[in-house]
Amino acid sequence: MSEENRKLWQELGINMEMHDQLIAALPGMFAGAFGKLKNRPEGMKYFNMVVGDIHGIRVHELAGKKKAGSKVVATFCVYVPEDLTWAAGAEQIGLCGGAHFTVPAGEEHLPANLCPLIKSSLGFKVARVCPYTQISDLIVGETTCDGKKKMFEILGTMQPTYTIVLPPAKDKASRELFVQKLKEYKDKLESLTGKKVTVEVLTEKSRILEEKKKALRRIENTRKNDPAPISGLDALLVNQVSFYDDPVRFAQMTNQLADELEQRVKKGDGVYPKGTPRLIVSGTPQAIPFWKIPEIVEKTGGVVVAEESCVGTRYTSTKAGQTGQNLDQLLAGIADRLLETHCACFTPNSERADDIVRLFKEYKANGVILSNLQFCGPYTVESKLIENRLRKEKIPFLRLDVDYSAEDAGQLKTRVQAFLEVLR
Ligand code: BJ8
């Protein structure tokens, strides 16, 4: 651990004692999930390095940008448009919220019977163990679910926080409301950075965002092949890094990985033998360092080939690269793009079931794992409708309600093992 890192963390007000415990635990967690993977692509070295130095290089980079006059905006949801944030002259990073480590700190302010993602997210601030939270000038929340929107009120008492109000539906009136809310967010950003969003810059940033998404789609496309050229664990890691890495460098490194995977596909080279049961994982996001589901699946003889999740296709499938004659048109285009993100916070949300069925077919999958975080109202309740649809389509599925703690791992493993037996 370099002295520069420690100096920066101290300057950011990190609780060094707790942070040391977190940093000490991460290599073991990473090795536990990724250590035994065979035939990992060379291109994964970059992503390993980024995660291996998760609180180092990138935090220094952001600190340098702040010194040069930029601002840092931190988010928890794909409904906060990166291109708009970038166009106002700020950096945008997605905060993790995937660690059990910070759940107890979150529970100091939140009920225990709440989704672990919400508790973990607030816990990072309460425990002061996340340099990304500490370095951010503004945390931008959204009203996707009740737990989150109330959590942002508490977070707002600890750090400057702004909440984008989302409509609960996708109809015309909801769209108009959302466009209005995006305009208000643009104004907020402009007052934060002192820079005006222009048509030219927003168009360019939207193009950069589409380049990043395109690179991720290339990786996804290779996973449609049997044998899969990359494990579900590695593919998830790439998606997780996409939320906090520099977008241009990320696209470049992801395209390099995609070149390698496309070569593998040509040669029929895979990470697991041809015929390994192929699974789609669908449900709540798998934020870093939550690797539990693909880890269990791939250690019990299956392979995850796609994620119907915001850390996955729900994010990558919405096309950026918006164009328009004026800012109103561009913002309307961004609203349309985001409203194609089929999160369970919307009603109705039948498109999500369509997406799962489509992915099952496109990725030549054998089954679907419906993986929802415990106490997540929107996803666990919507699960019933998804299950009905999958039964109708005769698609085998397994529903798992999961927690961040290691306690349910044994039971989950037994259930996944039994499911894979049925698929075989
Ligand atoms: S667009 S999925 S990133 S809201 S799991 S906190 S819903 S109780 S994370 Fe999400 Fe945006 Fe939707 Fe995607 Fe609430 Fe459920 Fe917890 Fe959730």
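Both ligands and their constituent atoms are indexed starting at 1 by order of listing. It should be emphasised that the depicted structure is a prediction, and the values quoted were computed from it without experimental measurement.
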Considering only heavy atoms of R314, which atoms of ligand 1 have at least one such atom less than 4.0 Å away? 2 (S)
Tell me, which protein residue and heavy-atom name are nearest atom 12 (Fe) of ligand 1, and how many Å apart are they? C343 SG, 2.3 Å
Would you confirm whether any non-hydrogen atom of the protein falls under 4.0 Å from atom 16 (Fe) of ligand 1? yes
Will you find, in the side chains of D403 and H100, an N or O donor that is under 3.5 Å from an N or O acceptor? no
Is it true that R217 and E220 have a side-chain N and a carboxylate O under 4.0 angstrom from each other? no
Nearest neighbour in protein (non-hydrogen) for atom 13 (Fe) of ligand 1: C310 SG, 2.2 Å
I'd like to check which ligand 1 atoms, numbered from 1 as shown, lie under 4.0 Å from a non-hydrogen atom of Y79. 1 (S)
For atom 14 (Fe) of ligand 1, how many protein N, O or S atoms lie at less than 2.8 Å? 1
Residues E387 and R391 bridged, charged N to O under 4.0 Å: yes
List the closest protein heavy-atom neighbour of atom 11 (Fe) of ligand 1: residue, atom name, distance to the nearest 0.1 Å. C77 SG, 2.3 Å
Is the closest side-chain donor-acceptor distance between E17 and Q21 under 3.5 Å? no
Pair T203-T323, side-chain donor/acceptor within less than 3.5 Å: no
Distance alone, cut at 3.5 Å: any donor-acceptor contact between the side chains of S174 and D171? yes
Decide, yes or no, whether a salt bridge links E210 with K319 under the criterion of side-chain N to carboxylate O below 4.0 Å. no
Under a 4.0 Å N-O cut-off, is there an ion pair linking K186 with E190? yes
Mind jotting down which residue pairs meet the ring pair (Phe, Tyr, Trp, His ring centres under 6.0 Å) criterion with at least one end in residues 366-422? Sequence neighbours excluded, please. F290-Y404
